[in-house]
Amino acid sequence: MVKNIAVIRGDGIGPEIVEQAIKVLNKVAELYGHTFDYTDVDMGGCAIDKYGDPLPESELEKCIKSDSVLLGAVGGDKWNDVPGQMRPEKGLLRLRAGMGVYSNNRPTKIWKQLADASPLKKEIVDKGIDFIIVRELIGGIYFGEHKTEGDTAVDILKYSEAEIERIGRIGFETARKRNKKLCSVEKSNVLDSSRLWKKILHRLAEEYPDVELSDMLVDNCAMQIVKNPSQFDVVVTENMFGDILSDEASMITGSIGMIPSSSLGASSCGLYEPIHGSAPDIAGKDIANPIGTILSAAMMLRFSFDMPDEADAIENAVSAYLDAGYRTADIMSYGMTQVGCEKCGDLIKSYLVK
Ligand code: NAD
């Protein structure tokens with residue numbers, strides 16, 4: 001199969017981690033007889049430096065025309081003082097909206113080899129942690145009106161029934177393919193948008209009698225993720241709640257550097273990226289963990305290219321690498337062999353077999 005992948009290396013550790021994922025994808029292509037063509041796209045701080053815009057239309061167009069997009073991360077202190085509309089993160093929001101990817105899917109799973117890296121007590125970890133947060137990605141407060149007048153600032157949180165229904169369906173469909181438990185997270189004791197959210201989710205539940213729907217307030221969910229994470233199978237929530245909860249969830253697995261994500265809309269063209277940022281504190285030092293990006297590439301093969309065997313092969317190679325005792329600095333523990341970002345990519349590539 002021939003696939004065109006738009007590649008956004010971005011800023012900070014972005015270029016280093018994306019390079020490792022491309023290494024692994026090239027090995028997949030070689031083993032399985034595919035051709036992956038890469039189109040470089042500038043986005044984020046590097047695009048501000050080059051064009052004065054974090055995502056020029058021409059760059060967005062390359063992404064929309066591709067079969068899928070692989071992204072490292074964007075942003076950094078250098079661009080902190082850039083005005084709002086021109087900040088690196090605006091490029092990311094415009095990319096998500098431009099591609100129409102309204103559903104962000106973040107798995108939270110503890111690799112058995114990394115159980116010790118979790119900050120949670122062993123008895124909690126031993127119960128098993130394996131859930132997915134389905135986050136609405138192109139609506140809500142991040143996309144509402146923002147304004148500051150005098151000493152007052154306003155951000156609008158707005159959702160339509162249609163927006164809630166389409167992400168709700170992704171939640172139910174995802175749960176249907178797993179353990180059939182869907183937890184809808186909102187703040188319906190305070191927010192109108194959350195009361196609408198809850199109403200639509202319960203209306204949808206009638207179409208999915210095989211899925212058990214439960215409701216949870218977002219503040220309780222934040223507590224339950226650390227107290228009893230094994231209760232969750234699929235969590236579906238709005239944009240900002242999902243942003244915060246998924247970062248919390250990533251930490252209980254040990255390192256933010258391990259977690260991939262997929263963002264999909266109506267077409268098969270998806271956006272795949274690790275959940276962390278550009279980590280300027282460790283950029284250029286060859287110590288970043290590229291596994292979140294490598295696993296994002298695996299998700300791309302699984303969800304956008306319909307290549308489940310190839311995706312399994314990447315995940316098995318990551319597992320073999322961990323079994324062999326290799327660790328980047330963020331997940332290093334006693335008795336393991338510490339490796340850098342590049343070596344990690346080389347090793348995972350070497351463990352990749354058909
Ligand atoms: P961050 O995720 O970049 O870093 C948080 C901490 O985790 C840092 O200590 C960092 O060193 C560590 N870390 C992150 N990824 C790692 C990896 N792969 N391996 C090892 N350690 C890793 O979050 P931040 O520091 O709040 O943000 C830095 C910049 O990234 C900001 O400009 C922010 O706006 C941007 N950002 C971008 C995205 C994105 O591109 N999707 C997401 C979040 C933040």
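For ligands, and for the atoms within them, numbers begin at 1 and follow the listed sequence.
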Only distances under 3.5 Å count here; give the side-chain donor-acceptor pairs of residues 255-265 to other protein atoms, sequence neighbours excluded, each with its distance to 0.1 Å.
{"unit_1": "S255", "atom_1": "OG", "unit_2": "G257", "atom_2": "N", "d": "2.9"}
{"unit_1": "S255", "atom_1": "OG", "unit_2": "D330", "atom_2": "OD2", "d": "2.6"}
{"unit_1": "S261", "atom_1": "OG", "unit_2": "E273", "atom_2": "O", "d": "2.8"}
{"unit_1": "S263", "atom_1": "OG", "unit_2": "N104", "atom_2": "ND2", "d": "3.0"}

With a 3.5 Å cut-off and sequence neighbours excluded, list the donor-acceptor pairs that the side chains of residues 221-228 form with protein atoms.
{"unit_1": "Q224", "atom_1": "OE1", "unit_2": "Q231", "atom_2": "NE2", "d": "2.9"}
{"unit_1": "Q224", "atom_1": "NE2", "unit_2": "N220", "atom_2": "OD1", "d": "3.2"}
{"unit_1": "N228", "atom_1": "OD1", "unit_2": "S230", "atom_2": "OG", "d": "3.3"}

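Under the rule for a side-chain contact (heavy atoms from CB on, under 4.5 Å), the partners of S58 that lie at least two apart in sequence or sit in another chain are P56.
Listed here is the closest heavy atom pair of R9 and E19: NH2-OE1, 3.4 Å.
Shown are R203, E186, K187; of these, the side chain to side chain contact (heavy atoms under 4.5 Å, CB included) with K198 is made only by E186.
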Just list the N/O pairs, ligand 1 to protein, that are under 3.5 Å apart, with the distance for each.
{"unit_1": "ligand 1", "atom_1": "2 (O)", "unit_2": "G277", "atom_2": "N", "d": "2.7"}
{"unit_1": "ligand 1", "atom_1": "3 (O)", "unit_2": "G277", "atom_2": "N", "d": "3.4"}
{"unit_1": "ligand 1", "atom_1": "3 (O)", "unit_2": "S278", "atom_2": "N", "d": "3.3"}
{"unit_1": "ligand 1", "atom_1": "3 (O)", "unit_2": "A279", "atom_2": "N", "d": "2.8"}
{"unit_1": "ligand 1", "atom_1": "9 (O)", "unit_2": "D281", "atom_2": "OD2", "d": "3.0"}
{"unit_1": "ligand 1", "atom_1": "11 (O)", "unit_2": "D281", "atom_2": "OD1", "d": "2.9"}
{"unit_1": "ligand 1", "atom_1": "11 (O)", "unit_2": "D281", "atom_2": "OD2", "d": "3.0"}
{"unit_1": "ligand 1", "atom_1": "15 (N)", "unit_2": "H276", "atom_2": "ND1", "d": "3.3"}
{"unit_1": "ligand 1", "atom_1": "18 (N)", "unit_2": "H276", "atom_2": "NE2", "d": "3.2"}
{"unit_1": "ligand 1", "atom_1": "18 (N)", "unit_2": "N289", "atom_2": "O", "d": "2.9"}
{"unit_1": "ligand 1", "atom_1": "19 (N)", "unit_2": "N289", "atom_2": "N", "d": "2.9"}
{"unit_1": "ligand 1", "atom_1": "30 (O)", "unit_2": "S278", "atom_2": "N", "d": "3.1"}
{"unit_1": "ligand 1", "atom_1": "30 (O)", "unit_2": "S278", "atom_2": "OG", "d": "3.2"}
{"unit_1": "ligand 1", "atom_1": "32 (O)", "unit_2": "G76", "atom_2": "N", "d": "3.1"}
{"unit_1": "ligand 1", "atom_1": "32 (O)", "unit_2": "E89", "atom_2": "OE2", "d": "3.4"}
{"unit_1": "ligand 1", "atom_1": "34 (O)", "unit_2": "E89", "atom_2": "OE2", "d": "2.4"}
{"unit_1": "ligand 1", "atom_1": "40 (O)", "unit_2": "V74", "atom_2": "N", "d": "2.9"}
{"unit_1": "ligand 1", "atom_1": "41 (N)", "unit_2": "E273", "atom_2": "OE1", "d": "3.3"}

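Under the 4.0 Å criterion applied to side-chain N and carboxylate O atoms, E315 and K109 are not assigned as salt-bridge partners.
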